[in-house]
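The structure under discussion appears below in the form of C-alpha cells.
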There are 2 protein chains.
Amino acid sequence: MSLPGSILYVVDDDVSVCRALSLLLKSQGFRVETFTSASGFLDFKHPKIPSCLILDISLPNINGFALQEIMSQRGILVPIIFITGHGNIPMTVKAMKAGAIDFLAKPFKNKELLKSVTAALVRSKVLNQGQAEVAQIKKHISTLSPRELEVFQLVARGLLNKQIAAKRGTSLQTIKVQRGQVMKKMQVKTVTELISLAQKADITSCLD
Amino acid sequence: MSLPGSILYVVDDDVSVCRALSLLLKSQGFRVETFTSASGFLDFKHPKIPSCLILDISLPNINGFALQEIMSQRGILVPIIFITGHGNIPMTVKAMKAGAIDFLAKPFKNKELLKSVTAALVRSKVLNQGQAEVAQIKKHISTLSPRELEVFQLVARGLLNKQIAAKRGTSLQTIKVQRGQVMKKMQVKTVTELISLAQKADITSCLD
DNA sequence: ATAACAATTATACCAAGGTATAATACCACA
DNA sequence: TGTGGTATTATACCTTGGTATAATTGTTAT
C-alpha cells in the first residue's frame, strides 16, 4: 500500500513511541523519519514527495497545535494525523478545524493508523500536484515585467485591448506587444489557456 | 449579531432541549425551527437564506450522522453544529470529516453555541452565494441545444472555431453561428467571461 | 558624449472572431 | 402535398487579436 517515493514523519517526545511507530511503519515498507521535538521536524528538509506527519499533541516548547499553525503559515502542506494520550472533544474539534486529516487517541490499533496514513498520502499527492502547478505558473508570472503583469490582470478580467489601452493611457499597439509578451512568457498559445492559468493562480489579487 | 433573514434549525429528540435552545436562540433575535426527528427536518421546506442546523447525534430512526449523509446526497448545504451528551473522539472525527462546522459536548456554554452559530451562518451565506451562482449558470446551460453545449465545451477547452468545425465535421460558419448562440444564451459578451463560467460550472465534465 | 538597451509607437498585414442576410435542406405536422 | 420551423451553409463585411519591421524616445553604462 505504500506509495513509491513517500515519506512519513513521526513527532513524539516519547522516544519509545517514536521507536514503536517507526518499526511498525517501516515494516510496511514506508520510509520513516522520527523527531522528539517540533523544531527538529521544522529543521528537516522536506522532499517534495507525498508525505504525512504523525504528530503528538503534548510536546515541550512547541506543542502539536503550535506546530500545525507554523506549518500552515510557512505553507508546509503535509497532512497531519494527530495522536494523543489525553485527548478530548474540544481538542479534536480544534485540530480538525485547523485542517488535520485525522485524530487518534492512544492507544489505537495499528490498522487504524495505517488506514489513516494511506488516506493522508493520497491527499498529500493531490496537494503536491496542485502546489507544483501553481508554483510553475507563479514562476512564469515572476518573469513578467510590471506592465506585462498589469496587462495580464486586465486581460484576465475580460477587458479588450483597446479598453486596456484607454485605461493605461497608452496606444493600442503597445498593449498588443505586451500581451504577446505575456502569452510567450506564460507559454500558452490561446487566450483560453491564459484565462485558465489566471484563475488557477488567482491573478486578479495576487501581486507578489 | 443575527444576520438579517437567517434561520436556525434545532433537531433533538429531547423536547426540553429543543425548548431550551429555542428560547436561548430566540432571545438573541434568531428565527428558530425545532424538530424532534430527522424526518421532520427533511420534510421542512428550507428557505434559501443563511441557515444552520444544530443537530443531536442520537436520534430515533435516522440518527445525526445519517441525516448528515442524506443532506449531503440531496445537496442541502446547511452547516451542521453537532451536539451530543455521549460523545467521544472517534465520533467527533467522523462528524468533522463529513463536513460539520462544529461539535459540542453537552453541557456546553451558551456563548460557545452562539459563537459557533455565528460562524455557521457566515459559512452558510458564502455557500448560498456560490450555489446560487452555479445554479444560475446551469440554468443558462439548460437552455442550450445539445450541439450548442458541445460547442461550448470545446470552446472552453481552448479549441479554435475551425478545429471545432473539423472535429464536428461541419462548416466553420455553422460553428460561428452556434458559438454566437452560446454567447447570447449564457448572457456574456466576451470569451473571457464564457471561459470563467465554464470553469465555475465545470463544463468539461458536466453533462446534465 | 556615445553606444547599448529597453519601452513605446507607427505602419502594414494576416488570421480569427463575430454578425447579418439569404439560400438550402430537412423534418414534422396539418 | 404543402407549409412552417429549425439547422446548416454560403457570402459578405467588420472588428479584434496577433506578428513583423522599423522608427522614436529615454535611460544606463562606459
Side-chain angles (χ1 to χ4, degrees), chain A residues 137-201 203-204 206-208, chain B residues 137-201 203-204 206-208:
Chain A
I137 295 171
K138 294 214 171 180
K139 191 177 166 190
H140 287 156
I141 290 177
S142 69
T143 69
L144 298 179
S145 75
R147 283 157 200 163
E148 286 164 356
L149 176 58
E150 199 182 343
V151 169
F152 185 16
Q153 293 173 321
L154 296 175
V155 170
R157 280 187 211 161
L159 274 70
L160 299 178
N161 283 350
K162 60 177 177 182
Q163 292 175 314
I164 299 174
K167 192 161 203 150
R168 289 269 318 274
T170 65
S171 84
L172 176 59
Q173 188 51 28
T174 304
I175 303 301
K176 284 189 176 186
V177 171
Q178 290 172 343
R179 186 165 174 164
Q181 286 295 314
V182 171
M183 299 283 283
K184 189 189 290 178
K185 289 187 178 178
M186 296 304 293
Q187 297 182 10
V188 295
K189 282 174 193 158
T190 66
V191 197
T192 314
E193 292 176 75
L194 195 64
I195 308 295
S196 297
L197 292 189
Q199 293 193 345
K200 277 176 190 164
I203 279 305
T204 50
C206 129
L207 290 167
D208 51 11
Chain B
I137 295 171
K138 295 213 172 181
K139 191 177 167 191
H140 287 156
I141 290 177
S142 68
T143 68
L144 299 179
S145 75
R147 283 158 199 162
E148 286 164 355
L149 176 58
E150 198 182 343
V151 169
F152 185 16
Q153 292 173 323
L154 295 175
V155 169
R157 282 187 208 160
L159 275 70
L160 299 178
N161 283 350
K162 59 177 177 182
Q163 293 175 314
I164 299 175
K167 192 160 203 149
R168 289 272 317 274
T170 64
S171 83
L172 176 60
Q173 188 50 29
T174 304
I175 303 301
K176 284 188 176 185
V177 171
Q178 290 172 342
R179 187 165 172 162
Q181 286 294 315
V182 171
M183 299 282 285
K184 188 189 292 180
K185 288 187 178 177
M186 295 305 293
Q187 297 182 11
V188 295
K189 282 174 192 160
T190 67
V191 197
T192 313
E193 292 177 76
L194 195 63
I195 307 294
S196 297
L197 292 190
Q199 293 192 348
K200 276 176 192 163
I203 280 305
T204 51
C206 129
L207 290 167
D208 52 9

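Note on naming: letters A, B, ... go to the chains in the order of the sequence lines (proteins, then strands), and numbering restarts at 1 for each one.
The nearest whole Å value for the distance from the NZ atom in B:K162 to the C1' atom in D:dG17 is 14 Å. Computed from coordinates, the B:L144 CG to D:dA7 C1' distance equals 16 Å when rounded to whole Å. Atoms CZ (B:R168) and P (D:dT8) sit 6 Å apart, rounded to a whole Å. The distance between atom NZ of A:K184 and atom P of D:dG18, rounded to the nearest whole Å, is 14 Å.
Nearest nucleotide to the A:L160 side chain, out of D:dG18, D:dT8, D:dT16: D:dT16. Taking the side chain of B:T170 as heavy atoms from C-beta on, and the options D:dT9, D:dT8, D:dG17, the nearest nucleotide is D:dT9.
Counting any heavy atom pair closer than 4.0 Å across all strands shown, B:S171 reaches sugar-phosphate atoms only and no base atom. Within 4.0 Å (heavy atoms only), A:S145 reaches no atom of the nucleic acid at all.
Look at A:N161 and you'll find a side-chain N or O under 4.0 angstrom from OP1 or OP2 of D:dG17. B:Q178 has a side-chain polar atom (N or O) that falls below the 4.0 Å cut-off from OP1 or OP2 of D:dT8.
Here the CD-CD distance, from A:E193 to A:Q187, works out to 11.0 Å after rounding to the nearest 0.5 Å. To the nearest 0.5 angstrom, A:I195 atom CD1 is 8.0 Å from B:T190 atom OG1. Here the CD1 atom belonging to A:I175 is positioned 8.5 Å from the CD atom belonging to A:E150, to the nearest 0.5 angstrom.
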After noting the C-alpha distance and the side-chain angles of B:Q178 and B:R168, does the key distance pass the side chain to side chain contact (heavy atoms under 4.5 Å, CB included) rule?
CA-CA 12 Å; B:Q178 290 172 342; B:R168 289 272 317 274; 3.7 Å; yes
Quick one, B:M186 with B:I137, criterion side chain to side chain contact (heavy atoms under 4.5 Å, CB included). Give me CA distance, side-chain angles, the key distance, then yes/no.
CA-CA 7 Å; B:M186 295 305 293; B:I137 295 171; 4.0 Å; yes
Kindly indicate, with the supporting measurements, whether the criterion side chain to side chain contact (heavy atoms under 4.5 Å, CB included) is fulfilled by A:V155 and A:V182.
CA-CA 10 Å; A:V155 170; A:V182 171; over 6 Å; no
Checking side chain to side chain contact (heavy atoms under 4.5 Å, CB included) for the pair A:R179/A:V191: CA distance, chi angles, key distance, verdict?
CA-CA 10 Å; A:R179 186 165 174 164; A:V191 197; 3.8 Å; yes
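The 5' end of DNA chain D is approached more closely, in terms of each residue's nearest nucleotide, by B:R147 than by the other of B:R147 and B:L172.
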Polar pairs (N or O, both sides) under 3.5 Å between protein and nucleotides 12-14 of chain D?
none

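Taking every nucleotide of DNA chain C with any atom under 4.0 Å from a non-hydrogen atom of chain B, the first and last of them, 5' to 3', are C:dA16 to C:dA20.
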